[in-house]
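Convention: sequence-line order gives letters A, B, ...; per-chain numbering from 1. Keep in mind that what you see is a predicted model, and the values were worked out from it rather than measured. All values below were derived from every heavy atom in this structure, side-chain atoms included, with hydrogens, water molecules and symmetry-related copies excluded.
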Number of protein chains: 2
Amino acid sequence: MPNNKAKTRKPTSDAVEILHRRSYEGRPARLKNLEEARANEEIARKIQELRAAAALTQTQLAKLIGTTASVICRLEDADYEGHSLAMLRRIAGALNQRVEIRFIPIRRSA
Amino acid sequence: MPNNKAKTRKPTSDAVEILHRRSYEGRPARLKNLEEARANEEIARKIQELRAAAALTQTQLAKLIGTTASVICRLEDADYEGHSLAMLRRIAGALNQRVEIRFIPIRRSA
DNA sequence: TTGCTTATTCGCAATATTGCGAATAAGCTG
DNA sequence: CAGCTTATTCGCAATATTGCGAATAAGCAA
């Protein structure tokens, strides 16, 4: 999969895409990337908070989910962009939590 | 990464793991897998609902996020276990939504 | 039935994430 | 300072997810 960090738009003429663009134009890809970056930061922070709340070291949490400390460290790096649902669930499971996913409508300009 | 569908526990003697097992024993891996299966079903359903609410076909949604209909179909399959945060975000973004992730404590026996 | 649209399934290449050791930094106590 | 624990970074192999076409099924209207 091509990294969607710098996504270019294919020159389509599909009506659906045009409609979508119309409602989408107000939010440039630039902003979208910022939002994603912030979301990743937040996930990293949540993992760290969860681990801290459980009073575990990175090595201890790593053992609980069957991996190594370097992996946990990577997950807690605010710049890491590879967070996966699978990994979040493994961590949640080890800490007696569950991962809830919600789709929330974005209101424009509010 | 070894598929965590049938996860076996390494024979460790780490104190932390022992402590964790103690609080974890009440929820066998069997149940955990069921929970994950249900969570995946729910994600598949949400994607389908979101797409339906936007009145899009699989092909149309696929074009919006730069992929093909077969991929969308796979995501909406209740038995699919490969959901990723990246893909959820792509779909959410195309439909003017954002993905919210929450860690929620599990209360036992309640 | 035909014709058309939509949805589903399969296989495999391409890409992304994870596993994991090693090296190094950072912090903390003596 | 030394010694220890914890955290971070790097590189690459192993595994998982995605891309995507092709074939087929399913639904619906004429």
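For the residue pair B/Thr57 and B/Thr59, no side-chain donor N or O sits within less than 3.5 Å of a side-chain acceptor on the partner.
What separates CG of B/Asn40 from C1' of D/dT17 is a distance of 13 Å, to the nearest Å. Across the protein-nucleic acid pair, B/Ile91 atom CD1 and D/dG19 atom C1' stand 14 Å apart, rounded to whole Å. What separates CE of A/Met87 from C1' of D/dA14 is a distance of 14 Å, to the nearest Å. Taking atom OH of residue B/Tyr80 and atom C1' of nucleotide D/dA16, one finds them 9 Å apart after rounding to whole Å. Distance A/Arg90 CZ to C/dT18 P: 8 Å, rounded to the nearest Å. One interatomic measurement links the two molecules: NE2 of A/His83 to P of D/dT17, which rounds to 17 Å at whole-angstrom precision.
Of the listed nucleotides (C/dG21, D/dG19, C/dT17), D/dG19 has the atom at the smallest distance from the side chain of B/Thr67.
Expressed to the nearest 0.5 Å, how far CG of A/Leu75 lies from CD1 of A/Ile43 amounts to 10.0 Å. The distance from the CG atom of B/Leu61 to the CG atom of B/Leu50 is 9.0 Å, given to the nearest 0.5 Å.
Across all strands shown, the partner of C/dA22 is D/dT9, judged by Watson-Crick or G-U wobble contacts whose two distances both fall under 3.5 Å.
Taking 4.5 Å as the limit, some side-chain heavy atom of A/Leu56 sits within range of a side-chain heavy atom of A/Leu95.
Applying the ring pair (Phe, Tyr, Trp, His ring centres under 6.0 Å) test to residues at least two apart or on different chains, the pairs with a partner in residues 68-97 of chain A are A/Tyr80-A/His83. Residue pairs meeting the salt bridge (charged side-chain N to carboxylate O under 4.0 Å, His left out) criterion with at least one partner in residues 64-74 of chain A, sequence neighbours excluded, are absent. Identified under the salt bridge (charged side-chain N to carboxylate O under 4.0 Å, His left out) test for residues 43-61 of chain A, with sequence neighbours left out: A/Glu42-A/Lys46, A/Arg45-A/Glu49, A/Arg51-A/Glu76. Judged as a ring pair (Phe, Tyr, Trp, His ring centres under 6.0 Å), not a single pair has a partner in residues 31-71 of chain B (not counting sequence neighbours).
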Check nucleotides 23-30 of chain D for protein N or O atoms closer than 3.5 Å to its own N or O atoms and list the pairs.
none

Dump the pairs, protein N or O against N or O of nucleotides 5-12 of chain C, anything under 3.5 Å, distances to one decimal.
unit_1, atom_1, unit_2, atom_2, d
C/dA7, OP1, B/Arg51, NH1, 3.2
C/dA7, OP2, B/Gln58, N, 2.8
C/dT8, OP2, B/Gln58, NE2, 2.7

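B/Thr68 comes within 4.0 angstrom of a base, heavy atoms only.
With respect to the salt-bridge test (charged N to carboxylate O, under 4.0 angstrom), the residues B/Glu36 and B/Arg38 do not qualify.
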